[in-house]
Amino acid sequence: SQTIHQWPATLVQPVGSPLSLECTVEGTSNPNLYWYRQAAGRGLQLLFYSVGIGQISSEVPQNLSASRPQDRQFILSSKKLLLSDSGFYLCAWTPPGQGAFAGYTFGSGTRLTVV
Amino acid sequence: GEDVEQSLFLSVREGDSSVINCTYTDSSSTYLYWYKQEPGAGLQLLTYIFSNMDMKQDQRLTVLLNKKDKHLSLRIADTQTGDSAIYFCAEIRGSSYKLIFGSGTRLLVRP
């Protein structure tokens, strides 16, 4: 069966520090991968998605970047965090070739607090 | 993401029915979804409806779709305290790879 892992679950980082959040999927090949952010009291904002290794689509200009160094690994990074980067970050995947039609499967999320 | 609109809060008594409403934007959306988020957790897919359907029922959940008005609703029958959560509607928009979410409706079930 397929599973998705995100870590860490909770992170407190100072302003100006770097960030690396990791997401991995097991039990499937060539998944579509997604990073969403949920700010406090708000909905989900799509940040990046990837349909293959090295292929990253960015949805909004921001202080963050994403990379997909391996088929089932998706990394969210920042060189210098801002206070506005605080939020709940969710990774998700969908089966290959089906886009979003099959619905997303989400990880358990990382709560990032920038202080 | 806020183009998909939902009311922010709903409070119901245990045993009553809950109806959560959503207005979406893309009349060409083929699938529409309802997700549930419990506190501190990721989102769980509850159900979805294909755009050629008006209604879909799955146990206590009933989804109604009004394509003319671009209105989607989720009815939860016999609401339980365990149903307390944030409920998100979502649509596929533009690229078939992207789900666009509403801002979520927080459902509080009172004993």
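Just so it is clear, the model here is predicted, and its values are computed rather than measured. Residue numbers begin at 1 in each chain, while the letters A, B, ... track the order of the sequences.
The two residues F88(A) and Q37(B) have their closest heavy-atom pair at CE2-NE2, 3.6 Å. Nearest heavy atoms, F106(A) versus F101(B): CZ-CZ, 3.7 Å.
Note: I86(B) CD1 to L44(A) CG = 9.5 Å, rounded to the nearest 0.5 Å. With rounding to the nearest 0.5 Å, the separation of CD in Q45(A) from OG in S103(B) is 13.0 Å.
Side-chain contact check for L43(B) versus L90(A): some heavy-atom pair is nearer than 4.5 Å.
In the hydrophobic clustering of ILVMFWY residues, with side-chain heavy atoms under 4.5 Å counting as a link, L74(B) and F50(B) come out together. In terms of hydrophobic clustering, with Ile, Leu, Val, Met, Phe, Trp and Tyr side chains grouped at heavy-atom distances under 4.5 Å, L83(A) and L112(A) are assigned to a common cluster. Both L61(B) and Y31(B) belong to a common hydrophobic cluster when Ile, Leu, Val, Met, Phe, Trp and Tyr are linked at side-chain heavy-atom distances under 4.5 angstrom. The hydrophobic clustering, which links ILVMFWY residues whose side-chain heavy atoms are closer than 4.5 Å, places L64(B) and F88(B) apart. The hydrophobic cluster containing V15(A) also contains L19(A), counting ILVMFWY residues as joined when their side-chain heavy atoms lie under 4.5 angstrom apart, directly or transitively.
Panel note: side chain Y104(A), backbone L99(B); a donor-acceptor pair is recorded below 3.5 Å.
The contact between Y33(B) and chain A is made entirely by side chain atoms (from C-beta outward), counting heavy-atom distances below 4.5 Å.
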